[in-house]
Amino acid sequence: MKEYRYDPFVTGVFVGIGLLLIWYFSSLAIEKKILPFYFDHIFRFITILGGAFVAFRFNSMLEGKRQERERERNKNSLLLDKIEHAIFKIHAYSRSGKKYLWSIKRDNQDIIRDKEASTEARELIYEIEVYKNIYFEEMPLDPSALYAELERLAGECDKHWMRVPKGENTDIQPKLDACKSVANEVQKLDALLAPVLEWCLKAADSYKEVKT
């Protein structure tokens with residue numbers, strides 16, 4: 001079906017005026033006996049039929065636009081729901097990633113990590129990728145690169161704790177220095193997530209505007 005190029009209201013006004021003019025001049029012609037009398041019935045029929053067609057066409061255009069607006073609202077309502085879930089997953093990933101980085105400690109001779117937090121972070125980032133692939137292709141998210149960067153930050157945390165002397169009876173200052181360095185790595189994780197989160201929040205705002 002071809003798209004209707006003209007405003008239905010304007011079309012209806014001009015067609016209506018045109019039909020009235022045709023009826024008026026035909027009445028004059030019949031009255032002056034230029035045309036036979038039965039032409040009056042013909043012109044009346046054409047006028048009524050034309051008016052009915054214009055009214056039908058006008059209502060069809062209005063109904064089509066109403067249905068299009070309704071479909072658009074439903075689509076944006078769905079996208080708003082999905083982007084809000086994606087934002088929730090991003091915050092959950094941030095918490096898991098930070099928990100993972102803060103879990104890295106020196107335990108006497110060994111460096112320990114919370115492997116469950118690492119696994120949870122990896123699962124969450126790939127859940128977010130599902131939303132990107134299905135609904136939000138423009139989301140600035142590369143899950144493999146993001147998780148690889150998390151592991152790189154974890155490696156930096158390892159190095160910070162490796163500088164702490166071994167043994168239980170060590171000075172507290174090296175441990176405090178290691179905690180400060182780990183805090184810097186945690187801030188880098190926030191910086192990595194900031195563009196993704198910003199994009200999602202802007203998308204959510206745009207869907208809210210269309211929905212209302």
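Taking Lys89 as the reference, Glu127 meet the salt bridge (Lys or Arg N to Asp or Glu O under 4.0 Å) condition, with sequence neighbours excluded. Lys132 meets the side-chain contact (heavy atoms from CB on, under 4.5 Å) test with Met139, Leu141; sequence neighbours excluded. The side-chain hydrogen bond (donor to acceptor under 3.5 Å, both in side chains) check on Glu129 picks up nothing, with sequence neighbours excluded. In this structure Lys105 satisfies the side-chain contact (heavy atoms from CB on, under 4.5 Å) test together with Ile112, Trp161, sequence neighbours excluded. Partners of Leu197 according to the side-chain contact (heavy atoms from CB on, under 4.5 Å) rule, which considers only residues two or more places apart in sequence or in another chain, are Ile87, Ile90, His91, Leu201. Remark: Glu68 engages no residue in a salt bridge (Lys or Arg N to Asp or Glu O under 4.0 Å) (not counting sequence neighbours). Residues forming a side-chain hydrogen bond (donor to acceptor under 3.5 Å, both in side chains) with Glu70 (at least two apart in sequence, or on another chain): Arg73. Among residues two or more places apart in sequence or in another chain, the side-chain contact (heavy atoms from CB on, under 4.5 Å) test is passed with Lys202 by Glu198.
In this structure, the side chains of Asn74 and Leu78 stay at 4.5 Å or more apart for every pair of heavy atoms. Between Lys208 and Glu84, some side-chain heavy-atom pair lies under the 4.5 Å cut-off. Put simply, the side chain of Lys175 reaches to within 4.5 Å of the side chain of Ile172, judged on heavy atoms.
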If you look only at distance, which donor and acceptor atoms sit under 3.5 Å apart when one is on a side chain in residues 181-195 and the other is two or more places apart or in another chain?
residue : atom : partner : partner atom : Å
Ser181  : OG   : Asp177  : O            : 3.1
Glu185  : OE1  : Lys188  : NZ           : 3.4
Glu185  : OE2  : His160  : NE2          : 3.0
Asp190  : OD1  : Lys98   : NZ           : 2.9
Asp190  : OD2  : Lys98   : NZ           : 3.3

Could you go through residues 148-157 and list every donor-acceptor pair under 3.5 Å that involves a side-chain atom there, pairing it with any protein atom two or more places apart or in another chain?
residue : atom : partner : partner atom : Å
Glu149  : OE1  : Arg152  : NE           : 3.2
Glu149  : OE2  : Arg152  : NE           : 2.9
Glu149  : OE2  : Arg152  : NH2          : 2.7
Glu151  : OE1  : Tyr100  : OH           : 3.1
Glu151  : OE1  : Arg113  : NH1          : 3.4
Glu151  : OE2  : Tyr100  : OH           : 3.4
Glu151  : OE2  : Ser118  : OG           : 3.2
Glu151  : OE2  : Tyr147  : OH           : 3.0
Glu156  : OE2  : Lys159  : NZ           : 3.4

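Here OG1 of Thr119 is found 9.0 Å from NZ of Lys115. Values are rounded to the nearest 0.5 Å. To the nearest 0.5 Å, atom OG of residue Ser96 and atom CD of residue Glu116 are 11.0 Å apart. The structure places NZ of Lys99 at 13.5 Å from OG of Ser94, a figure rounded to the nearest 0.5 Å. Here CZ of Phe136 is found 12.0 Å from CD1 of Ile128. Values are rounded to the nearest 0.5 Å.
The 12-atom threshold is exceeded at OH of Tyr126, counting heavy atoms of other residues, nucleotides or ligands nearer than 6.0 Å.
Under the 4.5 Å side-chain heavy-atom criterion for ILVMFWY residues, no single connected hydrophobic cluster contains both Leu146 and Phe88.
Closest non-hydrogen pair, Trp199 versus Pro140, comes out as CG-CD, 3.5 Å. The minimum heavy-atom distance between Leu80 and Ala204, with the atom names listed, is CD1-O, 3.6 Å.
His85 and Tyr131 have parallel rings, their planes meeting at less than 30° on a 0 to 90° scale where 60° marks the start of perpendicular.
Sorted by first then second residue, the salt bridge (charged side-chain N to carboxylate O under 4.0 Å, His left out) pairs that include residues 135-145, not counting sequence neighbours, number zero.
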